[in-house]
Amino acid sequence: MKQYTIKEVSHMMNLPASTIRYYDKEGLLPFIERSESGYRVFHENDITLLRVIECLKKTGMPIKEIHQFIEWIQQGDDSLEQRYQMFVQRKQIVKDQIAELSATLEIINYKCQYYAQAIAAGTEQIHFQGDFSSKLPCEK
């Protein structure tokens with residue numbers, strides 16, 4: 001079974017070693033082994049867990065809740081329902097984030113088009129039909 005150093009894992013995951021150490025200190029990596037000299041030794045399962053932790057962080061999940069998830073993992077099959085429900089909840093949160101980002105992207109796309117047309121015309125006055133207040137630059 002291949003083993004990795006914290007430096008290798010940090011490079012593989014594009015994650016600072018200090019973040020990995022922090023996760024370990026917070027109890028999020030309870031399965032990490034140590035070499036005789038005290039260095040962390042990572043296996044594929046540890047890297048998979050780190051990927052899940054990073055995924056959960058990207059959804060906005062606080063460390064405290066990730067810690068609860070790690071405790072559920074340690075409980076084994078007795079916590080399958082809790083873990084499932086947690087991921088169902090995270091799925092909805094991500095869907096909501098995607099919808100919000102899609103709306104943001106729509107505005108950004110509009111503004112790119114707006115300014116491209118204004119630049120091509122040499123003025124943004126092309127977007128105003130007489131009354132300046134009828135169409136502010138930030139509105140569609």
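All figures in this text were calculated on a predicted structure; none of them were measured in a lab.
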[X] (side chain) donor-acceptor with [Y] (main chain) under 3.5 angstrom:
X	Y	result
Ser79	Gln82	no
Arg40	Tyr4	no
Thr19	Leu15	no
His67	Leu28	no

[atom1]/[X]: more than 12 non-hydrogen atoms of other groups inside 6.0 Å:
X	atom1	result
Phe31	CZ	yes
Asn109	CG	yes
Gln85	CD	yes
Lys64	NZ	no

*Compute the ring centroids of His127 and Tyr114, then answer whether they are less than 6.0 Å apart.*
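Ring-ring flag for His127/Tyr114: true, centres closer than 6.0 Å.
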*State yes or no: are the ring centers of Tyr110 and Tyr115 separated by less than 6.0 Å?*
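No, ring centres 6.0 Å or more apart.
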Output the distance between atom [atom1] ([X]) and atom [atom2] ([Y]), rounded to the nearest 0.5 Å.
X	Y	atom1	atom2	answer
Arg83	Ile70	CZ	CD1	10.0 Å
Thr59	Ile66	OG1	CD1	7.0 Å
Ile93	Ile98	CD1	CD1	12.5 Å

Shortest non-hydrogen contact from [X] to [Y]?
X	Y	answer
Asp46	Val41	OD2-O, 3.9 Å
Ala17	Ser10	N-OG, 3.4 Å
Ile126	Gln117	CD1-O, 3.4 Å
His43	Lys2	ND1-O, 3.6 Å

*Worked verdict on Leu29 versus Ile20 for side-chain contact (heavy atoms from CB on, under 4.5 Å)*: CA-CA 9 Å; Leu29 302 171; Ile20 298 170; 4.1 Å; yes
*Kindly indicate whether the side chain of Phe42, heavy atoms from C-beta on, has any atom under 4.5 Å from the side chain of Glu33.*
no
*Identify whether the distance between the nearest side-chain nitrogen and carboxylate oxygen of Lys91 and Asp96 falls below 4.0 Å.*
no
_Side chains of Gln89 and Tyr84 only: does a donor on one sit below 3.5 Å from an acceptor on the other?_
no
